[in-house]
Number of protein chains: 2
Amino acid sequence: MGRKRLQSAGDGRPTVHTVAARAGVSIASASRVLNGVGGSPETVRKVREAAAEVGYVPNAIARSLQSQRTGLIALAVEDIGNPVYVAMMRAIEAVVAESGRQLLVHATGGQVDNETALLRRLAHRYVDGMIVSPIRVTDAHLEALADSPVPVVVVGQLPEDAPVDNVRTDSRTGVALAVDHLVAAGRRRIGFVNGPLDTVPGAARDSGFRAALATHGIEVDERLIEVGDFQYAAGRAATERLLARALPDALLCANDLIAVGALHALYGVHRSVPQDVALVGMDDTELAQMAFPQISSVSLGSATRGRRAAELLLERIADPTLPPRREQVAPSLVVRASSAVTSATDAVTPATTDVTADAVTPTAHGLPGVEVTA
Amino acid sequence: MGRKRLQSAGDGRPTVHTVAARAGVSIASASRVLNGVGGSPETVRKVREAAAEVGYVPNAIARSLQSQRTGLIALAVEDIGNPVYVAMMRAIEAVVAESGRQLLVHATGGQVDNETALLRRLAHRYVDGMIVSPIRVTDAHLEALADSPVPVVVVGQLPEDAPVDNVRTDSRTGVALAVDHLVAAGRRRIGFVNGPLDTVPGAARDSGFRAALATHGIEVDERLIEVGDFQYAAGRAATERLLARALPDALLCANDLIAVGALHALYGVHRSVPQDVALVGMDDTELAQMAFPQISSVSLGSATRGRRAAELLLERIADPTLPPRREQVAPSLVVRASSAVTSATDAVTPATTDVTADAVTPTAHGLPGVEVTA
DNA sequence: TTGTACGCGTTATCAA
DNA sequence: TTGATAACGCGTACAA
């Protein structure tokens, strides 16, 4: 091109030059005023006026190139449809927004190559940091994490020696809370509908379940254990398989989506909850409260983990020299109607047709639930 | 500073200069090779080698500043927890990813100032385009839309003369489909649980409902109409209020979250679905299939609208001179157990306790449902 | 084909 | 306080 600098951007929109020229000052002065540093009252007035007149808006990209920061934080989760990630996302978003940044959400579908590709793309410097919650952790992950040029915080289990900020929970203890609760309620034939065993949460829940049973001297009956996917349909199908060969008096599900699927599978074979089968889910999502009866669920503190992860990330962005930190959020059990034994009215099974239509006193299902901590 | 250009970025990472120096060529040659245009075989080899050795990754920000494109598409929806937006988001993400771009998701909480702030922020040029699905449309919206420097596509109703790409559906017809269906099934006392009337969808559904009743010569009974929020809890509460003063034989809900709330409110007063009350939701989300019994729902083609919106946006980005386009997606009704009359087995109410525990043949609830189009 | 040099729009430095 | 100018890292006319 070779021509001298224009007074407006390529698409005709105003730049600092436009404002400076209009105000009759240098671009340096214009920039200073626009950033609120320095400038004589007169200069400030002229620049502000000129900026308003032309409708100047700073170009964030140019600013980023200069400042080496984009103000974007990425979040990578497996399934954006799973309410547990929605809760986590909301908590993260709150912290991120609070800091004046924006959140970029990626759904990875749980595919390893997607996740590693995402991690590698961090090298492009389009985001200032990333929070990732992988359900599988491979060497490829660890490698990509290790040489990421921007800060990353992992939500979930990670090898002990991985030098990465990490917020985890102890799902094995969470499973134990649920088993303890069910055993205390007199249940012995406790079934377990899990997610894939080659995932980190799946494996942890499996070993946690077996250990918890052992604690109570209950022998593991493999027929009472079924594996599906961390989804509603798969959970329902898995439960149907389980029910076709065994008769549990309680059912623990690896997450709430599975638990809702299990609930419907139980309905399908006309078994009542909690009378015939006590049901406990995990993650304590909105879904557990939206089910009927409301489902007891092990809270793994998703919102808390999300919030902490975001806070850790912001801290690291502010000071990259921090040593790797590892935090743990304690699980707790929220007991609701699906496994309650104390109040039979809360655990009433859905409508039968023999009710009088006039007595329409709503029963109390909106109870917050009783929380049990480890 | 005044010092000469360094060979690596401020944080020590390699730049084109690093690669060029290492390969013994000019930055222009390095850049060309890295972009796959031109270069002698020997140069290509040297540059590729050097790039690999230093682990060069292009800086996306610098590239964006140069190219005037970021490859980011923003999506603004009210509530990321509402499955209808999840479905829409997935459809959009597919198109966006296909084009090699990334999706940035914003939750606005339905607040007008949030949305307009977001629209104005577009002026910062951080995204190449935006898809927004506002539930309220104010003058502030229209103004912000009008002078947005980057392309915007609106999903939802918009004033006729708004010069903005727009993908809508006809929810009034959708409501009519549901009412027709319920009337055909012999229902006459049709209740309606709506969202806020000061929202675009709320207002459209309300007028649609009244018009549909009129079509069938049914007089509107205000006691059968209740308004809450587009959420589960509010829907449940609203339904409880309605049930406390009236006895509908059918219930139409403004979305599936409300419908699930209504289902549980009905359970709460021991009214069976669909025997006592036929239930129809709207949006046809996963939730409708995850409920028990599965809920009939008016599909407003969220996924289709999302996909089309994304396609329109990409087209406009490619050619900004296109005239404003307006597309409409036809609603359809998916009939499931909650309002089915043909097959009583599909509509079985949830478990009673008097079942034989051994006969565990799962019943078929996973039916895709029967689709009815306008 | 290769290298020089400029521009993308902004902020920061330094001398006046 | 102000203005000229150098970066930020990249792509690309243009001339060689």
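In what follows, every chain begins at residue 1, and chains take the letters A, B, ... in the order their sequences are listed.
Considering only side-chain N and O atoms, S31(B) lies nowhere under 4.0 angstrom from the phosphate OP1 or OP2 of dC10(D). Listed pair Y126(B) / dG9(C) fails the phosphate criterion, with no side-chain N or O lying under 4.0 Å from OP1 or OP2. Between dT2(C) and S26(B), no contact under 4.0 Å exists linking OP1 or OP2 to a side-chain N or O. Within the structure, every side-chain polar atom (N or O) of Q66(A) is placed at least 4.0 Å from both OP1 and OP2 of dG9(D). At least one side-chain nitrogen or oxygen of N35(A) sits closer than 4.0 Å to the OP1 or OP2 atom of dT11(C). R32(B) has no side-chain polar atom (N or O) that falls below the 4.0 Å cut-off from OP1 or OP2 of dT2(C).
Annotation: salt bridge (charged side-chain N to carboxylate O under 4.0 Å, His left out) contacts involving residues 307-318 of chain A, sequence neighbours excluded, comprise D165(A)-R316(A), R307(A)-E311(A), R308(A)-E311(A), R308(A)-E327(A), E315(A)-R325(A). Counting only residues at least two apart or on different chains, the salt bridge (charged side-chain N to carboxylate O under 4.0 Å, His left out) pairs with a member in residues 18-34 of chain B are R22(B)-E53(B). Residue pairs meeting the salt bridge (charged side-chain N to carboxylate O under 4.0 Å, His left out) criterion with at least one partner in residues 84-98 of chain B, sequence neighbours excluded, are D79(A)-R90(B), R90(B)-E286(B).
Between the side chain of R13(B) and the base of dG9(D), no donor-acceptor pair of N or O atoms lies under 3.5 Å.
The separation between Y56(A) atom OH and dT10(C) atom C1' is 7 Å, rounded to whole Å. Separating the CD1 atom of I27(A) from the P atom of dT1(D) is a distance of 19 Å, rounded to the nearest angstrom. Computed from coordinates, the H124(A) NE2 to dG9(D) P distance equals 15 Å when rounded to whole Å. Rounded to whole Å, the distance from NE2 on H17(A) to P on dC6(C) is 15 Å. Distance CZ (R63(B)) to P (dC10(D)): 8 Å, rounded to an integer number of Å.
Each of V16(A) and V33(B) was assigned the nucleotide of DNA chain C with the nearest heavy atom; the assignment lying further toward the 5' end belongs to V33(B).
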Show which side-chain atoms of residues 149-163 of chain A pair as donor or acceptor with protein atoms under 3.5 Å away, not counting sequence neighbours.
residue: Q157(A); atom: OE1; partner: R168(A); partner atom: NH1; Å: 3.1
residue: Q157(A); atom: NE2; partner: T169(A); partner atom: O; Å: 2.7
residue: E160(A); atom: OE1; partner: R326(A); partner atom: NH1; Å: 3.2

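Between the side chains of S67(A) and R69(A), no donor-acceptor pair is found at a separation under 3.5 Å.
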Inset, instruction - Step by step, work out the side chain to side chain contact (heavy atoms under 4.5 Å, CB included) result for L118(A) and N114(A). - result: CA-CA 6 Å; L118(A) 220 48; N114(A) 267 351; over 6 Å; no
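Comparing dG9(D), dC8(C), dA5(C) against the side chain of L65(A) picks out dG9(D) as the nearest. Considering only the side chain of S29(B), dT2(C) comes nearest among dT2(C), dC10(D), dG3(D).
With sequence neighbours excluded, the residues forming a salt bridge (charged side-chain N to carboxylate O under 4.0 Å, His left out) with E49(A) are R45(A), listed by chain and number.
Residue-level contact check: I61(A) touches neither bases nor backbone, having no heavy atom under 4.0 Å from any strand.
Heavy-atom distances under 4.0 Å link DNA chain D to G39(A), S40(A), T43(A) of residues 37-51 of chain A, given in residue order.
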